[in-house]
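Taking it in order: structure first as structure tokens, then the write-up.
These figures come from a predicted structure and were not determined experimentally.
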Amino acid sequence: MSIPKISVSNPVLSNLLMIMIIALGVYAWVTLPRDLIPEIITYTVRIGTLYPGASAEEVEKLVTVRIEEEIENVDQIDLITSSSSEGRSEILVRFEEINDRDFDKRIQDLRNAVDRIKDLPAQILDDPEVTDLDIGSGFPMITVTIAGVLTERQMKSVAEKLEKRISSIKGVSNIRIAGIREREIWVEVDPDRLKAYNLVADQVTLALSQRNLNLPAGMLEVGTSEFLVRTMGEFQQIEEIAETIIKVNPSGTPVRVKDIATVKDTYEEARTLSRINGQSSISLTVQKKIDGNSIKIIDQIRKIVYPYTIDGKNPASVEKKAKESRFLRTLFNQQTPEVIDLPPGTEIFVVNDSSVILRERLGILQNNALFGLILVVFFLWLFMGTRNALFAALGIPVAILGTFWILKQIGSSINGPSLLGLILVIGIVVDDAIVVIENVFRHIEEGMTPAEAAVVGAEEVTWPVLSASLTTVAAFSPLILMSGVPGQFMRIVPITGVVVILASLLEVFAILPAHIAEWGKPQSKAENRQQSWFAVMQQRYVSILDRILSLRYLVVIMVMLFTVVFSYLAFIILPKELFPGEEFPQFYIKVDMPTAFGIEETTQVMEK
């Protein structure tokens, strides 16, 4: 028994299959993560080390070479590249293509190898940082920039509040902060005073380190009770540092830190600077987890910072936004989002919003689907009536929603390449349905019942429809076999296209015949008269075809010659690139400065 016959014999089963596909597809559409690019495993690990004040030669000799010698025995390494510059060492370790579990083990082996190095210079700020390069989750979603008429302390406080609030959003993995300086207490020793009191700098350091301690002192038993005893000696205020005794003179006079040094409550020297519209700022670049939904996360971030943006301070925009928020909260029974209390004068700018491009591509997909649906319904209604038009149009949502469910099962997301795959094939989703419906419609016009015509018509075109669809699948399939990072990026395009085509075939042979048999009706005479204009067009087409067939050899040669010549010219003239260029509403400027330039000189150049 053929699949169309099973479909017609069991319409309830076919309808349940359609409802299940739609339900699972809607669930997948709601829950699938949204990204600009798919998750890409580069099998590359970065080892970064900061060595302030060291030349490139010293960094290479004392840091880079020692790390390379220690890690070269780690298994399954494909390539090691390194770069040593002033104050910085960076090593990239690329592994062979292995599974995720083995890759995690190799990363841990690298960390263990780096930890075994004990003879690195003491001036290194932090231990070498070992991180894997995750293009997908490491791609920044959005940058929140803080500016305004604020002191540095106020700006830092605002940044810390925003960081804490944004970090609590589900799906946020990391926030990189630029332009912020950590608080530091500087003890600036006067060499002349130090010499006058017959002291050396090490005595000052020793006195401060011995005074700034919290030490456990054991347990104290009092009757049946036990108490934990600790010595609380850490500095709480800057005055305590100034009053720290370094030594006591033979006369009994103590020498304090304030006698030989100046104590300042300040910030560390700037390593990075952030500016927006010419003002000093602090920027928070947000990254998401692999399963995070970019659009939802960005929407929540925008709700948090909206009152302090330019639109948020515009009374008309505030009133419009308030009405929209009240409507949405009423509709979805949501709570009012928490508002962060920030100091007056705070200005927040939202830049590098990746959801803009993602929303645009989703809009293209929706517009293409809607436009294609309208055209399909119109032309099928024009030639085969309203019912047949609706039968074919139903295949579009079934195929697309079924594809979304498959994407969720394979761990993919709604991203640029997957949307590209959908956009490429959405125009041919209904081709199979049109072929089947037209053949069934022909049998109905010849006098068959809808049930008989649905079985016979679908069975007659089974192999032609399968052949046409499988040739398209065959064209997509080689891209699935691509390896490396380009393969991971492009693989989702053919996968999406193939799944859409297969879902369309399932709908055409397992669901469509049941719908035609249940809801179709014989062609009436009135409807036949409505198609009389088409008979006139058909007669003219037949007469033109007769003339062409009489000159068939000449026509075939001319068409082949035309195709070859213009294809060759197009191949030569048209530019060649892997991906077409896109116009983005922003651009980046990267400036390489001489190695002798410090951060102040670089800032002056950038201001110009």
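By the 6.0 Å contact criterion, CG on N198 is open, its count of non-hydrogen atoms from other residues, nucleotides or ligands being 12 or less. Residue R359 qualifies as enclosed at atom CZ: its count of foreign heavy atoms under 6.0 Å is above 12. The number of heavy atoms from other shown groups lying within 6.0 Å of NZ (K247) is above 12.
Under the 3.5 Å distance criterion, the side-chain polar atoms of Q203 are matched with a main-chain donor or acceptor of V200. Put simply, the side chain of D190 gets close to the backbone of D192: a donor and an acceptor are under 3.5 Å apart. Counting only distance, with no hydrogens or angles, the side chain of T244 and the backbone of I241 share a donor-acceptor pair below 3.5 Å. R256 places a side-chain N or O within donor-acceptor distance of the main-chain N or O of E243, the cut-off being under 3.5 Å. A distance-only check finds no donor-acceptor pair linking the side chain of E58 to the backbone of A54 [under 3.5 Å]. A donor-acceptor distance shorter than 3.5 angstrom exists from the side chain of S167 to the backbone of E163, with no hydrogens or angles considered. Remark: side-chain polar atoms of S354 are paired, donor with acceptor, to backbone N or O of M141 under 3.5 angstrom.
Two residues are said to be in side-chain contact when any heavy atoms from C-beta on lie closer than 4.5 Å; F103 and D132 meet this criterion. Residues K288 and V286 are not in side-chain contact: their nearest non-hydrogen atoms beyond the backbone lie 4.5 Å or more apart. For the pair I301 and V350, the minimum side-chain heavy-atom distance is 4.5 Å or more. Residues V59 and S85 fail the side-chain proximity criterion, which asks for heavy atoms closer than 4.5 Å. Residues L208 and F235 meet the side-chain proximity criterion, which asks for heavy atoms closer than 4.5 Å. A 4.5 Å side-chain heavy-atom check between I175 and V144 finds every atom pair outside the cut-off. At a threshold of 4.5 Å between non-hydrogen side-chain atoms, the residues R66 and E70 do not count as touching. Using a 4.5 Å cut-off on side-chain heavy atoms (C-beta onward), V257 and I246 make contact.
Among all heavy-atom pairs drawn from A147 and I276, the shortest one is CB-CG2, 3.9 Å. Minimum heavy-atom separation, V172 to I166: CG2-O, 3.6 Å. Considering all non-hydrogen atoms of both residues, V74 and A113 come closest at CG2-CB, 4.4 Å. Annotation for I98 and Y43: closest pair O-CE2, 3.0 Å, computed over non-hydrogen atoms. Heavy-atom minimum distance, P33 versus S413: O-CB, 3.3 Å. For the residue pair P128 and I67, the shortest heavy atom distance occurs at CG-CD1, 4.2 Å.
Rounded to the nearest 0.5 Å, atoms OG (S168) and CD1 (I304) are 6.0 Å apart. Taking CG from D75 and CG from D102, the interatomic distance works out to 10.0 Å, rounded to the nearest 0.5 Å. Here the straight-line distance linking atom CD1 of I495 with atom OG of S418 works out to 10.5 Å at 0.5 Å rounding. Atoms OH and CG, on Y51 and L62 in that order, are 5.0 Å from each other to the nearest 0.5 Å. Here the CZ-CD distance, from R211 to E240, works out to 5.5 Å after rounding to the nearest 0.5 Å. For the atom pair I348 CD1 and I282 CD1, the distance stands at 11.0 Å (nearest 0.5 Å).
Between D265 and R183, at least one side-chain N (NZ, or NE/NH1/NH2) sits under 4.0 Å from a carboxylate O, which counts as a salt bridge. We find that R106 and D109 are joined by a salt bridge, their nearest charged nitrogen and carboxylate oxygen being less than 4.0 Å apart. Between D127 and R111 no salt bridge is recorded (no basic side-chain N to carboxylate O distance below 4.0 Å).
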Legend entry - Intermediate values then yes/no, side chain to side chain contact (heavy atoms under 4.5 Å, CB included), L199 and L194: CA-CA 5 Å; L199 294 171; L194 198 67; 3.7 Å; yes
Inset, instruction - Carefully, step by step, assess E239 and K258 under the rule side chain to side chain contact (heavy atoms under 4.5 Å, CB included). - result: CA-CA 9 Å; E239 291 78 10; K258 66 180 181 181; over 6 Å; no
Inset, instruction - Go through the steps for I80 and I91 under the test side chain to side chain contact (heavy atoms under 4.5 Å, CB included), then give the verdict. - result: CA-CA 7 Å; I80 298 177; I91 301 174; 3.8 Å; yes
Inset, instruction - Report the C-alpha separation of I77 and F95 in whole Å, then their side-chain angles, then the decisive distance to 0.1 Å, and conclude whether the side chain to side chain contact (heavy atoms under 4.5 Å, CB included) test is met. - result: CA-CA 4 Å; I77 290 180; F95 289 91; 3.6 Å; yes
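Below 30°, between 30° and 60°, or above 60°: for W29 and F404 the angle between ring planes is between 30° and 60°, a tilted geometry.
Under the 3.5 Å distance criterion, with hydrogens and angles disregarded, a donor-acceptor pair is assigned to the side chains of S89 and T64. Side-chain atoms of Q108 and D104 form no donor-acceptor pair, as typed in the model, at a separation below 3.5 Å.
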